[in-house]
Amino acid sequence: MLTGSGTAGAYHAGVLRAFEEAGVKIDLVAGTGVGVASALVAAIDGGPRLWDRDGLWRDRRVGGFYRVRPALRAAAWGLAGAAAVAFLPFAALLLGLLVYPAGFLLGLAGSGEGSVLASAHAALMARLFDPAFLPAMLPRALVLALAVLAALLAVLMAFMLLFDRRGRRDRAPIWWRLAGAPLSAEPAVRAFTAVLWRLLGGAAGARQPGAPALSRTYAELLRENIGQPGFRELILTVHDLDMRRDFVFALVGERYRRDVFRPAERPAGGRPPGELFDLAGVARDHVIEVLDASLRLPVATEVGTLRFPAESYWCGEQHRASERPGAADRLLDELPAAGIEQVIVVSAFPEVEGPHRLHRARGDWRGRLGEYLAGAETASVRGLFGRDRGFRATFLIRPAYNPIGPLDLAGCYDERSDRYVSPGELVDRGYEDAYRQFIDPVVGAGGERLEGVAASAGRGAAES
């Protein structure tokens, strides 16, 4: 079970690499947040696309994931340009103040350039302090700045009206839609979608199909190959903001399909209807939509959309969906019905224990948001072991220390080691932790020792 946001996907890639190298047999992969993307790739034997030297998490382009939205960047550049035009006279004055000392020093050194600069400075000052200059220049500069800003806003509004297909109940005013959420998840969605397209046989230069066609291709490939080496069953979850529920999308083998998709009535204590979707059935068109929604961060990005067909329980509605930190608990509730007896939970964010563990707060808003996401993830993982779900053993793989926050996709400076750390190093950390925390003590153990290690690992996870 892969959980977390942002850079947690790099840690997942390292753990998956260690499992494949050690020959660990995985029957089912489950994911929430960026773990959905990792699970989709791992379910069709595509892990090397994540961890290889030229894999996704080794690529510098991951630093562009969750960038500030293009509309906001354009608005910021427009404001900067308008401010520069408005303050052009003052900039000229500042330039004149800098030219004079340079000319004076060159004159003392006996250089002929000093007299040239002195003459240029005298001419500039005479022009700036001409009684007829400033009263005429300032209004023109302000009018030009306002014209530039108005043109920029007009272009952005036209773009939003022509290409932003929100549809239905989105009645937000145009100025709010221009501002909206600060970050864009589109680069991350495009990157992971491209990885799936290549895994599904997309030839170099071939046109990538639309989301429904790509989703059907993925679902059919996985359904036809479940049980084959490298192919795994799949359970994913995203949060439906309209219904305020966690929706679960699953593709499992015929042996457990009836148990997973059993009818559940609310009076009997089961799940409410309409929360569980079969990716091998009518929900096969939702694979890319689930991927898209899982990469949408709460508040920080725009939400994704789940478009349900008319013959489904939701009768053709369009629901807003995103990631929900802490949704891993919802996944664990579904695993027993799929015949799962042992669970390996992979989390990229360490537990902080005891006093004297305070650290300097991040000063940037991206770091502050990342601290919240990491804290919510850590708290949810701690709560996973709060009650017995009937698993024979539950293991937890997580780093003892991880300086990279969820949104530090370009890396960050680690004060404790006095160096710069990249997401590629997080792949290696996941690889090492998988060996140290699971493969060597559990897979390498045999017979009676294996049962003891599994029991102690379950108790240790519950205590943590």
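Note that the structure is a prediction, hence the values are computed from the model and not measured. Along the sequence shown, the residues carry numbers beginning at 1.
Classification of Arg58 and Asp52 as a salt-bridged pair fails, no side-chain N sitting under 4.0 Å from a carboxylate O. Ionic pairing of Arg223 and Asp278 is not present here: no N-O contact between side-chain nitrogen and carboxylate oxygen is shorter than 4.0 angstrom. Here Asp364 pairs with Arg362 in a salt bridge; the nearest charged N to carboxylate O distance falls below 4.0 Å.
Counting non-hydrogen atoms of neighbouring residues, nucleotides and ligands closer than 6.0 angstrom, the OH atom of Tyr372 reaches no more than 12 such neighbours. Around atom CZ of Arg67, no more than 12 heavy atoms belonging to other residues, nucleotides or ligands sit under 6.0 Å away. With a 6.0 Å radius and a threshold of 12 heavy atoms from other residues, nucleotides or ligands, Arg368 has its CZ atom above the threshold.
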Take Val346 and Asp433 through the test side-chain contact (heavy atoms from CB on, under 4.5 Å) and record every step on the way to the result.
CA-CA 10 Å; Val346 181; Asp433 288 342; over 6 Å; no

Show your working on side-chain contact (heavy atoms from CB on, under 4.5 Å) between Asn225 and Leu222 and close with a plain yes or no.
CA-CA 5 Å; Asn225 290 276; Leu222 183 56; 5.9 Å; no

Between Val248 and Arg330, is the side-chain contact (heavy atoms from CB on, under 4.5 Å) condition met? List the steps.
CA-CA 8 Å; Val248 177; Arg330 181 70 172 84; 3.8 Å; yes

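Judged purely by distance below 3.5 Å, without hydrogens or angles, the side chains of Glu21 and Tyr435 pair a donor atom with an acceptor atom. Judged purely by distance below 3.5 Å, without hydrogens or angles, the side chains of Ser5 and Glu377 never pair a donor atom with an acceptor atom. With hydrogens and angles left out, the side-chain atoms of Asn402 and Tyr11 include no donor and acceptor closer than 3.5 Å.
Nearest heavy-atom pair, Tyr66 versus Leu295, reported as atom, atom and distance to 0.1 Å: OH-O, 2.7 Å. The two atoms that bring Val36 and Thr237 nearest to each other are CG2-O, 3.9 Å, heavy atoms only. Shown here for Pro350 and Ala400, the closest heavy-atom pair between the two residues is CB-O, 3.6 Å. The two residues Glu275 and Arg245 make their nearest non-hydrogen contact at OE2-CD, 3.0 Å. Contact detail for Thr7 and Leu426: the closest heavy-atom pair is O-CD2, 3.3 Å.
Cation-pi geometry between Arg398 and Phe349 is not met: the NZ or CZ atom fails to fall both under 6.0 Å from the ring centre and inside 45° of the normal.
Taking the ring centroids of Phe308 and His319, they lie under the 6.0 Å cut-off. Not less than 6.0 angstrom separates the ring centroid of Tyr313 from the ring centroid of Phe277.
Taking OG1 of Thr217 as the reference point, atom CZ of Arg284 lies at 11.0 Å (rounded to 0.5 Å). Rounded to the nearest 0.5 angstrom, Asp27 CG and Arg232 CZ are separated by 9.5 Å.
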